[in-house]
Novice: 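Got a structure for you, questions after.
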Amino acid sequence: MGRADARRAQRRGPRRAAKSGGLRRLFTWRKMLGTFFGFCLLIMGAFVALYLYVDIPKANALAERQSNVYQYSDGTLLTRTGDGVNRQIVDLAEVPKDVQHTFVAAENKTFYKDQGVDLKGTARGILNTLSGKGKQGGSTITQQYVKNYYLTQDPTVSRKLKELVISLKVDQKYEKADILAGYINTAYYGRGASGIQAAAQAYYGVDAKDLNVSQGAYLASLLQAPSQYDWAVATPTGKKLVKDRWGYTLDNMVEMHWLDKAERDALKFPVPDKPKPARGMEGQTGYLVEAANKELDKQGITEEVRQAGGWTFTLNIDKKRQKKLEQAVDRQLESKLDRKDNKVDASVQAGATSVDPKTGAVVALYGGVDYVKHFRSNATRQDYQPASTFKPLVLASALENESKTQDGDLIGVNTRYDGTSKRPVVGSDTPFAPENEDNQSYGNVTVQTAMNKSINSVFAQMVVDVGPPEVKKTALALGVPDQNFPERPAITLGTMNASTWDMAGAYATLDNHGRKVTPFIVKSAKNRDRTVDPVKGIGNQVISRKSADTVTSVLKGVVDSGSGQAANTSAYEAAGKTGTSENNKAALFAGYTPELTTVVALFGESPKGGAQVSLTGTANSGRANGGGFPAQIWADYTLGALNGGSSAQFDLQDVERGEVSTPASPSMSPSQSESPDPSTSQTPSTPSQTPSETPSETTSETPIEPPTESPVIPPSESPVLPGEGLNSGRPGNNNSNPFSQ
């Protein structure tokens with residue numbers, strides 16, 4: 001470094017040191033600490049001002065709560081709920097002491113000692129509100145009482161701050177007993193019950209004074225999530241959560257020396273009574289309101305929010321079509337049943353969901369004979385199987401995945417399969433050999449014929465050809481719920497669980513050329529301060545139009561000349577599929593026109609306990625299959641819903657015909673191709689392992705009055721030699737006889 005550079009460096013040094021020293025002088029610990037205390041004083045001053053400014057207000061408008069209005073799509077009144085409040089104030093002295101303690105143990109163990117607020121919980125709630133995470137627990141009993149009695153449920157910062165100030169003043173002004181009494185008398189417990197007296201009646205059919213500690217712990221646990229924790233409607237997760245909270249409450253009571261441990265250990269979970277329908281819910285009204293409320297829950301308009309009243313809920317339900325559906329069930333089913341003296345007829349439950357495939361709107365719904373007589377909706381229940389109505393979804397997956405048979409043929413309408421009953425599938429790690437209806441074998445048939453006759457053995461092999469995981473993926477995309485849905489060949493028989501609502505969505509998606517249809521029932525939800533957007537009924541393309549239209553083409557054949565002929569009239573063009581579950585416990589018809597998609601189902605449910613029972617013998621008609629009552633109800637309703645008919649036609653494009661291997665000799669007759677001559681066929685090749693999936697269900701259906709045509713291959717299906725040119729499920733082309741006799 002030269003002398004000049006050294007001198008410049010010496011001059012820069014002091015300047016840099018001065019600059020650094022200036023920053024240190026600006027941010028000294030003393031100044032930073034002073035700023036912090038100044039900020040704290042500012043916050044304290046603001047809080048003192050707020051404390052002086054905010055008084056304990058009058059009670060909120062709960063006592064003047066408005067009703068909620070439910071309307072049909074045209075604006076006419078369906079029903080009005082929430083007139084007044086289901087509440088009866090009781091003195092705290094009437095509530096057993098140990099029941100009082102359950103609420104303190106569940107919500108606020110320090111209640112008797114604190115000043116009425118939880119600063120940490122309040123701060124957490126404010127931060128979550130500011131960050132958009134919604135409301136957060138952690139409030140004291142006093143704060144919750146203030147929120148219920150003086151304020152609103154709005155998750156805003158201003159409400160939270162007011163809650164804090166008013167809680168401090170309430171705690172100073174009132175005794176703890178008064179605050180606890182106010183809390184348990186104003187809290188909402190679900191089932192339309194506000195206050196402990198109404199809750200005791202709603203859940204256990206007793207007065208509050210007669211509650212025991214176990215029941216009290218359940219009611220106290222409910223307050224965290226009334227809709228989710230109601231045992232009658234809770235999911236398995238909800239039941240586990242409320243049971244855990246019930247135990248947590250009792251354990252806290254032991255910790256606080258309010259309950260003896262030996263007594264706590266002897267307590268059993270008090271399963272509440274089944275809910276009683278509210279007045280004005282008779283007939284189909286209750287089912288419609290229930291379906292709407294479930295959808296509103298998912299939209300954030302929970303039961304707690306609805307209880308505030310003042311809402312107008314307009315449903316998509318078309319008043320005329322709803323009436324037509326009810327009339328169709330009465331004419332085609334109820335008028336033929338003897339529910340009083342016939343044991344089978346007494347067990348029959350009907351359900352249906354009808355959807356506009358262009359919008360997803362649920363335009364009609366049938367939940368059961370009467371909401372006040374049968375509380376569970378048959379339209380939305382998911383405890384029965386969709387059975388053979390699932391087979392079109394197997395075909396849709398085959399088309400979407402461009403799957404091929406074991407012989408390498410691209411699967412389409414004319415592709416051939418072996419329809420032999422109890423024929424073991426080939427190519428699966430899980431052996432499976434389902435029986436066709438009445439153990440009937442069909443021989444070499446096209447996919448069209450297999451769908452018409454609902455041949456189990458064909459679709460069992462098709463599932464293997466596509467791959468169960470891929471079939472499940474397609475089904476879920478179409479709208480089938482992931483309920484009891486293993487990835488095994490047996491899913492071809494519809495062994496998962498799905499409701500008429502679910503299947504209506506799946507079939508509406510096929511009707512809508514593969515673009516996803518999500519059924520929704522709430523058209524609009526409005527009150528003075530808020531409007532909620534409805535569910536988006538139409539989504540993305542989940543399968544190609546070619547795949548969807550090909551399935552529609554095949555399902556037209558089911559209605560025209562297959563098991564769904566009872567749904568066939570000349571008044572409209574229709575496509576559909578029948579289904580009958582294991583042991584005839586459920587029978588369905590899922591069908592659609594270009595304008596309307598509807599799924600109708602019958603369920604066998606024991607009047608005693610609700611266990612699933614067989615429908616065989618319904619109305620003295622023998623086997624109640626999907627081509628019988630369900631298809632007849634569907635046709636009656638569809639005709640009325642379409643004002644006597646419609647000229648609309650399916651706009652089908654690029655229908656996949658599939659590939660058929662060239663037969664070695666075309667001389668064999670159709671009847672011969674169905675029953676191969678042992679003298680000209682080789683010994684069948686069957687898997688060495690005994691099939692592990694050989695269910696007793698025979699889910700192939702024929703109409704109650706079956707067509708006279710015999711189970712032969714139609715003339716359009718060129719015959720082939722046994723063991724040649726068909727999807728025999730054998731590896732390679734060894735020409736062995738695929739039939740398992």
Side-chain angles (χ1 to χ4, degrees), residues 72 283-292 294 315-337 348-357 360-371 374 376-387 389 479 498-508 511 517 519-521 559 564 566-567 574-581 586-593 595-605 615 618 624-642:
Y72 289 103
Q284 297 304 304
T285 301
Y287 300 121
L288 298 176
V289 170
E290 178 190 81
K294 286 182 178 179
L315 309 189
N316 286 316
I317 298 297
D318 183 300
K319 190 174 183 179
K320 175 188 171 185
R321 287 177 168 175
Q322 179 65 30
K323 185 176 181 180
K324 293 295 183 183
L325 180 56
E326 294 173 25
Q327 291 174 339
V329 176
D330 288 341
R331 277 194 297 261
Q332 302 300 328
L333 178 67
E334 291 296 334
S335 65
K336 302 173 184 179
L337 298 178
V348 176
Q349 294 292 332
T353 303
S354 186
V355 176
D356 181 343
V362 176
V363 296
L365 180 146
Y366 188 89
V369 63
D370 191 326
Y371 188 70
H374 185 264
R376 188 167 194 177
S377 174
N378 296 323
T380 58
R381 67 189 305 169
Q382 292 181 324
D383 54 333
Y384 284 81
Q385 300 174 352
T389 60
S499 66
T500 66
W501 182 294
D502 298 324
M503 297 308 291
Y507 273 67
D511 198 353
V517 176
F520 70 107
I521 194 170
V559 174
K577 183 69 185 73
T578 55
T580 307
S581 73
L588 305 89
F589 184 78
Y592 51 96
T593 71
E595 301 156 288
L596 197 63
T597 303
T598 307
V599 178
V600 180
L602 298 190
F603 307 115
E605 179 190 81
L615 290 165
T618 296
N625 56 42
F629 294 115
Q632 293 162 6
I633 293 169
W634 186 95
D636 190 329
Y637 160 69
T638 301
L639 191 64
L642 296 178

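Just so it is clear, the model here is predicted, and its values are computed rather than measured.
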Novice: With sequence neighbours excluded, tell me which residues meet salt bridge (Lys or Arg N to Asp or Glu O under 4.0 Å) with D383.
Specialist: R376, R381
Novice: What's the shortest heavy-atom distance between T500 and A601, and which atoms?
Specialist: CG2-CB, 3.7 Å
Novice: Going by side-chain hydrogen bond (donor to acceptor under 3.5 Å, both in side chains), name the residues that satisfy it together with D636, two or more places apart in sequence or in a different chain.
Specialist: R331, Q332
Novice: Look up atom OG in S354 and atom NZ in K324, then write down how far apart they are to the nearest 0.5 Å.
Specialist: 13.5 Å
Novice: Does some side-chain heavy atom of L337 sit less than 4.5 Å from a side-chain heavy atom of V348?
Specialist: yes
Novice: Return the CG to OG1 distance between L642 and T593, rounded to the nearest 0.5 Å.
Specialist: 5.0 Å
Novice: First locate atom OH of Y72, then atom CG of D318, and finally report the distance between them rounded to the nearest 0.5 Å.
Specialist: 10.0 Å
Novice: Tell me, please, which residues at least two apart from S499 pass side-chain hydrogen bond (donor to acceptor under 3.5 Å, both in side chains).
Specialist: D502
Novice: Taking side-chain hydrogen bond (donor to acceptor under 3.5 Å, both in side chains) as the definition, give me every residue that meets it alongside E326, ordered by chain and number, with sequence neighbours left out.
Specialist: Q322
Novice: How long is the span from the CD1 atom in I633 to the OG1 atom in T598, to the nearest 0.5 Å?
Specialist: 11.5 Å
Novice: Mind checking side chain to side chain contact (heavy atoms under 4.5 Å, CB included) for A586 and listing every partner two or more places apart, or none if nothing turns up?
Specialist: Y384, S581, L588, F603
Novice: Can you name the nearest heavy-atom pair linking Y287 to H374, along with the distance?
Specialist: OH-O, 2.6 Å
Novice: Quick one: closest heavy-atom pair of A291 and L365, and the distance?
Specialist: CB-CD1, 4.3 Å
Novice: Salt bridge (charged side-chain N to carboxylate O under 4.0 Å, His left out): which pairs involve residues 348-357, sequence neighbours left out?
Specialist: none
Novice: For T638, enumerate each residue passing the side-chain hydrogen bond (donor to acceptor under 3.5 Å, both in side chains) test, keeping only those at least two apart in sequence or located in another chain.
Specialist: none
Novice: Do you know the tightest heavy-atom contact between P630 and G626?
Specialist: CB-O, 3.7 Å
Novice: Among residues at least two apart in sequence or on other chains, which ones pass side chain to side chain contact (heavy atoms under 4.5 Å, CB included) with A350?
Specialist: V329, L333, Y366, L602
Novice: Taking side chain to side chain contact (heavy atoms under 4.5 Å, CB included) as the definition, give me every residue that meets it alongside A641, ordered by chain and number, with sequence neighbours left out.
Specialist: R321, L596, Y637
Novice: The criterion is ring-ring contact (aromatic ring centres under 6.0 Å, His included); which residues satisfy it with Y507, sequence neighbours excluded?
Specialist: none
Novice: What is the minimum heavy-atom distance between A387 and G579, and which atoms define it?
Specialist: CB-C, 4.0 Å
Novice: Looking only at heavy atoms, what is the nearest atom pair of A635 and A567, with distance?
Specialist: CB-CA, 3.8 Å
Novice: Using side chain to side chain contact (heavy atoms under 4.5 Å, CB included) as the criterion, list what pairs up with P519, not counting sequence neighbours.
Specialist: V355, V362, W501
Novice: How long is the gap from CE on M503 to CZ on F589, to the nearest 0.5 Å?
Specialist: 12.5 Å
Novice: With E595, which residues qualify under salt bridge (Lys or Arg N to Asp or Glu O under 4.0 Å), at least two apart?
Specialist: none
